[in-house]
Enquirer: 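The structure is given below, and queries will be raised subsequently.
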Amino acid sequence: MSPTTPTRSTAPSGLRGPQLARLAALIADETRAAMCLALLDGRAWTAGELARYTGVAPSTASEHLTRLIEGGLLAEERQGRHRYVRLAGPQIAQLIEDLSAHAAPPPPPRSLRAASASGAMARARTCYDHLAGRLGTAITDAMLERGLLQKVTGFALTDAGMAWFRELGIDLASTASRGRRPMVRSCLDWTERRPHLAGLAGAALCRHVLDTGWCVRIGKGRALRVSPEGERALGELLGVTAPE
């Protein structure tokens, strides 16, 4: 054996191959992957809802959810006899979205309903707690063009950007002081294959457009529709038009 060949005893102690393999195995199952993607809407789902969504028996769904919870990907909440689960945090959502962006494109829709749903997701959707799709990347591009964001190695909010959020009634400074989540970060959009805004600022902007009714959810999924009020507001604030 070559003296430079690493062995189990000489390999760097920081290598975490077994842990990475276990994490990859959790997401490698199609049902568990579908559950994680559904939970990217940022809301808590019941085990029964996820069973129906993935098309498996409730007992099978429960087994998958237990593995995801034990693996640290999901967090569990119980209210009475109901069991709710959600993604364990924004870092898990980023992991799922990043993996989705690097996966092969999905096959073409086979029905008009599926094509309509796919088109709605591509136009505008939530990515855990921030905006994604063509709307999310258009807003990010507009913020960069107007000097509200700057991009060096990643995204950073400028003084003008902080002032812009304050004008919307959003105090990012006080929000940032209450946790360790980054103010802004870049998230690779899996449909546009370009970055959109995430982090505290991205989450705050998403809450704002939903609370003001600028965007409304389509059904119970992640897809969003820009309202007429939203079209006017986004056009005036950023010069953004609603995705067609």
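Computation of the quantities below employed the complete heavy-atom set of this structure, encompassing side-chain atoms and omitting hydrogens, waters and symmetry-equivalent molecules.
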Enquirer: Drop me the distance from Cys187's SG to His130's NE2, to the nearest 0.5 angstrom.
Expert: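 It is 4.0 Å, given to the nearest 0.5 Å.
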
Enquirer: To the nearest 0.5 Å, what is the distance between OG1 on Thr241 and CZ on Arg134?
Expert: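 Rounded to the nearest 0.5 Å, the OG1-CZ separation comes to 10.0 Å.
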
Enquirer: Backbone N or O of Asp129 within a donor-acceptor pair of the Thr126 side chain at under 3.5 Å?
Expert: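 Such a contact is absent between Thr126 side chain and Asp129 backbone.
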
Enquirer: Look at atom CD of Glu30 and say whether more than 12 heavy atoms of other residues, nucleotides or ligands are closer to it than 6.0 Å.
Expert: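 No, not enclosed.
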
Enquirer: Hey, does Val184 have a side-chain heavy atom less than 4.5 Å from the side chain of Leu200?
Expert: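 Of all side-chain heavy-atom pairs linking Val184 with Leu200, none is under 4.5 Å.
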
Enquirer: When you check the gap from the basic side-chain N to the acidic O, do Arg222 and Glu97 get nearer than 4.0 Å?
Expert: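 A salt bridge is present here (some side-chain N lies under 4.0 Å from a carboxylate O).
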
Enquirer: Quick check: is Leu40 connected to Trp190 through a chain of hydrophobic side chains (ILVMFWY, heavy atoms under 4.5 Å apart)?
Expert: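 No; Leu40 is not reachable from Trp190 via cluster members.
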
Enquirer: Once you round to the nearest 0.5 Å, how far does CG of Leu157 lie from CG of Leu172?
Expert: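 With rounding to 0.5 Å, CG (Leu157) is 6.5 Å from CG (Leu172).
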
Enquirer: Would a 4.5 Å heavy-atom cut-off, applied to side chains only, mark Leu237 and Trp164 as touching?
Expert: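 In short, these two side chains touch, coming nearer than 4.5 Å.
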
Enquirer: Might you work through the side-chain contact (heavy atoms from CB on, under 4.5 Å) test for Ile92 and Leu74, ending with a clear yes or no?
Expert: CA-CA 8 Å; Ile92 301 300; Leu74 302 186; 5.9 Å; no

Enquirer: If you measure from the Lys or Arg side-chain nitrogens to the Asp or Glu carboxylate oxygens, is any gap between Arg125 and Asp189 under 4.0 Å?
Expert: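 Result for this pair is yes, salt bridge flagged.
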
Enquirer: Decide yes or no for Ile139 and Leu197: does some side-chain heavy atom of the first lie under 4.5 Å from some side-chain heavy atom of the second?
Expert: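 No, side chains not in contact.
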
Enquirer: To check you understand the geometry: which heavy-atom pair defines the closest contact between Ala51 and Ala61, and what is its length?
Expert: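 Where Ala51 meets Ala61 most closely, the heavy atoms are CB-CB, 3.6 Å.
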
Enquirer: Quick check: closest heavy atoms across Arg43 and Gly221, and the distance to 0.1 Å?
Expert: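 Taking every non-hydrogen atom into account, NH2-O, 3.4 Å.
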
Enquirer: Are the side chain of Ser186 and the backbone N or O of Gly154 linked by a donor-acceptor pair below 3.5 Å?
Expert: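 Checking the backbone N and O of Gly154 against the side chain of Ser186, no donor-acceptor pair under 3.5 Å is found.
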
Enquirer: List the steps, then state whether side-chain contact (heavy atoms from CB on, under 4.5 Å) holds for Leu238 with Arg146.
Expert: CA-CA 8 Å; Leu238 295 170; Arg146 284 160 172 73; 4.1 Å; yes

Enquirer: Check for a donor-acceptor pair, side chain of Thr137 on one end and backbone N or O of His196 on the other, with a separation under 3.5 Å.
Expert: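 Checking the backbone N and O of His196 against the side chain of Thr137, no donor-acceptor pair under 3.5 Å is found.
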
Enquirer: With a 3.5 Å distance limit and no angle check, can you tell me whether Thr158 reaches the backbone of Leu148 through a side-chain donor-acceptor pair?
Expert: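 Yes; judged by distance alone, with no hydrogens or angles, the pair exists.
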
Enquirer: How long is the gap from CG on Leu144 to CG on Leu149, to the nearest 0.5 Å?
Expert: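 Reported to 0.5 Å precision, the distance equals 5.0 Å.
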
Enquirer: Do side-chain atoms of Glu236 reach the backbone of Ala233 as a donor and acceptor pair under 3.5 angstrom?
Expert: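 Checking the backbone N and O of Ala233 against the side chain of Glu236, no donor-acceptor pair under 3.5 Å is found.
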
Enquirer: Counting C-beta onward and ignoring hydrogens, is there a side-chain heavy-atom pair between Thr31 and Thr60 closer than 4.5 Å?
Expert: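 No. Closest side-chain heavy atoms not under 4.5 Å.
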
Enquirer: Does any non-hydrogen side-chain atom of Ile69 lie less than 4.5 Å from one of Thr66?
Expert: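 Contact flag for Thr66/Ile69 side chains = no.
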
Enquirer: Can you confirm whether Ile170 sits close enough to His208 that some side-chain heavy atom of one is under 4.5 Å from a side-chain heavy atom of the other?
Expert: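 With C-beta onward as the side chain, the pair touches.
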
Enquirer: Shortest non-hydrogen contact from Met121 to Ala223?
Expert: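 For Met121 and Ala223, the tightest heavy-atom pair comes out as SD-N, 3.9 Å.
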
Enquirer: Determine yes or no for a side-chain-to-main-chain donor-acceptor pair under 3.5 angstrom, with Thr191 supplying the side chain and Gly133 the backbone.
Expert: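 Checking the backbone N and O of Gly133 against the side chain of Thr191, no donor-acceptor pair under 3.5 Å is found.
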
Enquirer: How close do Leu68 and Leu26 get, heavy atom to heavy atom, and via which atoms?
Expert: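 Closest heavy-atom pair between Leu68 and Leu26: CD2-O, 4.3 Å.
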
Enquirer: Please answer: with hydrophobic residues joined when any side-chain heavy atoms are less than 4.5 Å apart, are Leu135 and Phe155 in the same cluster?
Expert: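 Shared cluster, yes.
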
Enquirer: Hydrophobic clustering (ILVMFWY, side-chain heavy atoms < 4.5 Å, transitive) - are Tyr84 and Leu39 grouped together?
Expert: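 They do not share one cluster, since no chain of ILVMFWY contacts under 4.5 Å joins Leu39 to Tyr84.
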
Enquirer: Is any side-chain heavy atom of Leu168 closer than 4.5 Å to a side-chain heavy atom of Leu205?
Expert: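 Yes - at least one pair of side-chain heavy atoms lies under 4.5 Å apart.
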
Enquirer: In the structure I gave you, are the side-chain heavy atoms of Val226 and Val216 within less than 4.5 Å of one another anywhere?
Expert: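 Not touching, per the 4.5 Å side-chain cut-off.
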
Enquirer: So Leu224 and Ile218, side-chain contact (heavy atoms from CB on, under 4.5 Å) or not? Walk me through it.
Expert: CA-CA 5 Å; Leu224 302 175; Ile218 300 175; 5.8 Å; no

Enquirer: Can you see whether Thr54 engages Arg32 through a side-chain donor-acceptor pair at a distance of less than 3.5 angstrom?
Expert: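 Result is no, nothing qualifies.
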
Enquirer: Looking at CZ of Arg225 and CZ of Arg123, how far apart are the two atoms once the value is rounded to the nearest 0.5 Å?
Expert: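 With rounding to 0.5 Å, CZ (Arg225) is 10.5 Å from CZ (Arg123).
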
Enquirer: Between Val56 and Leu65, is there shared hydrophobic-cluster membership here, with clusters defined by ILVMFWY side-chain heavy atoms closer than 4.5 Å?
Expert: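 Not linked; separate clusters.
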
Enquirer: Drop me the distance from Asp171's CG to Met162's CE, to the nearest 0.5 angstrom.
Expert: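 One finds 7.5 Å between CG of Asp171 and CE of Met162.
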
Enquirer: Return the minimal non-hydrogen interatomic distance between Glu231 and Ala242, and the atom names on each side.
Expert: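 The answer is CG-CB, 3.8 Å.
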
Enquirer: Check for me, please, whether Tyr128 and Leu131 land in the same ILVMFWY cluster - side-chain distances under 4.5 Å, paths through other members count.
Expert: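 In one cluster: no.
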
Enquirer: For Thr140 and Arg194, does a side-chain donor sit closer than 3.5 Å to a side-chain acceptor?
Expert: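 Side-chain D/A pair, Thr140 to Arg194: absent.
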
Enquirer: Would a distance-only check, ignoring hydrogens and angles, find a side-chain to backbone donor-acceptor pair under 3.5 Å from Arg185 to Pro182?
Expert: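 Pair absent, no side-chain N/O of Arg185 close to backbone of Pro182.
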
Enquirer: Considering all heavy atoms of both residues, which atom of Asp98 and which atom of Leu188 are nearest to each other, and what is their separation?
Expert: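 Here Asp98 and Leu188 meet closest at OD1-N, 4.1 Å.
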
